[in-house]
Amino acid sequence: MSALMQVNHLSKAFGGNQVLEDVSFSLDQGEILGLLGPNGSGKSTLLNTISGFTPIDHGTISIGTQRIDKLPTYQIINSGIARTFQLPNMPKKMSVLEVVMAAGTRSHGLFQSLFPSKRLRQVEQSDLAKATQLLDELLLTKVRNLPADALSGGQKKLLGIACALMGKPSVLMLDEPMAGVHPNLRQEIVETLTRLNQNGLSLIIIEHDMHFIRELCHRCIVLNRGTIVANCSPQELAHNEQVLEAYLGGGTHKLQEAV
Ligand SMILES: Nc1ncnc2c1ncn2[C@@H]1O[C@H](COP(=O)(O)OP(=O)(O)OP(=O)(O)O)[C@@H](O)[C@H]1O
């Protein structure tokens, strides 16, 4: 494996609150990296900085040889990075299929949308095929004509993944994909993410569900108060003293309960 993404000495503070401090790690091509840590340790902020939603104070973020830490969000998306959110908001007046199709339109850019052409119609046809396939893979075919806002919390998460995949990213970052998802759907999600990974997608996954982490992740990094305290295999987590200290020292998610 070779490094696809490199984060070096990244720091971020909100006012006097130092949320990320000197964070460095890499994501290898084809890797599934778990991002763990107690509540408030800076996991979502780290994803926000990588995806350009939150500007960084210090450090660098690169994809291959390209620095992306100063780029606007749409260019970061174009460089192949997609993400989902912990609590996805969905439009009330669009159907599930329309929301996925709109995510595809966003990835083609405004120019093509404003000046429709034969080429655009072809793109729309291929978007429809891709959206239909993704909805099928993410078990949303039955609800494709419902308003997106009417979906359950778990289904909204799946829809968020479908939208993120419309841009054909090389890195997908998921913020707690299993939270609120019915147990019956979990294995399907694991299998879908495994298949996507086998087809070349690299993943960074924030998750508190240790069964999911062990089943899916090749490696984990653990944040505690904004600093990386472990970078190891999922199997090594339960024996890592700094990890146990991070979780037992005040976090509400107790690692030992999960392992
Ligand atoms: N936009 C913001 N403005 C001010 N403070 C923020 C902002 N975003 C995050 N923070 C603070 O950064 C800290 C880390 O939050 P973050 O959401 O990154 O943690 P987390 O590890 O993802 O937590 P959880 O597991 O509970 O989702 C918190 O103290 C939070 O209040």
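Scope of the values below: all heavy atoms of this structure, side chains included, with no hydrogens, waters or symmetry mates. Start at 1 and go down the list; that is how both ligands and their atoms are numbered. If you read the sequence from its start, that first residue is 1, and numbering goes on from there.
The closest side-chain heavy-atom distance from Leu47 to Ile204 is below 4.5 Å. Contact of the Lys93 side chain with the Pro147 side chain is not registered, since no non-hydrogen atoms from C-beta on lie closer than 4.5 Å. Residues Ser24 and Leu10 form no side-chain contact, since every pair of their non-hydrogen atoms from C-beta on lies 4.5 Å or further apart. You'll find the side chain of Leu135 reaches within 4.5 Å of the side chain of Leu97, heavy atoms only. In this structure, the side chains of Val96 and Leu151 come closer than 4.5 Å at one or more pairs of heavy atoms. Side-chain contact between Arg83 and Asn48 is present, with heavy atoms from C-beta onward closer than 4.5 Å.
Taking every non-hydrogen atom of His208 and a distance limit under 4.0 Å, the qualifying atoms of ligand 1 come out as 25 (O). Every atom of ligand 1 with a heavy atom of Gly42 under 4.0 Å away is listed here by number and element: 14 (C), 18 (O), 19 (O), 20 (P), 21 (O). Interface of Asn17 with ligand 1, defined as ligand atoms under 4.0 Å from a residue heavy atom, comprises 29 (O). Close approach to Lys43 involves these atoms of ligand 1, each under 4.0 Å from a residue heavy atom: 18 (O), 19 (O), 20 (P), 21 (O), 22 (O), 23 (O), 24 (P), 25 (O).
Gly40 counts as a contact of ligand 1, since one of its heavy atoms falls under 4.0 Å from the ligand. In this structure, Pro38 is part of the shell of residues with a heavy atom less than 4.0 angstrom from ligand 1.
Contacts between Asn39 and ligand 1 below 4.0 angstrom, taking non-hydrogen atoms only, involve backbone and side chain alike. At a heavy-atom cutoff of 4.0 Å, ligand 1 is contacted by no atom of Thr54, backbone or side chain.
The distance criterion of under 3.5 Å between nitrogen or oxygen atoms is not met by Phe14 with respect to ligand 1.
Side-chain N/O atoms of Asp175 and Ser44 include a donor and acceptor closer than 3.5 Å.
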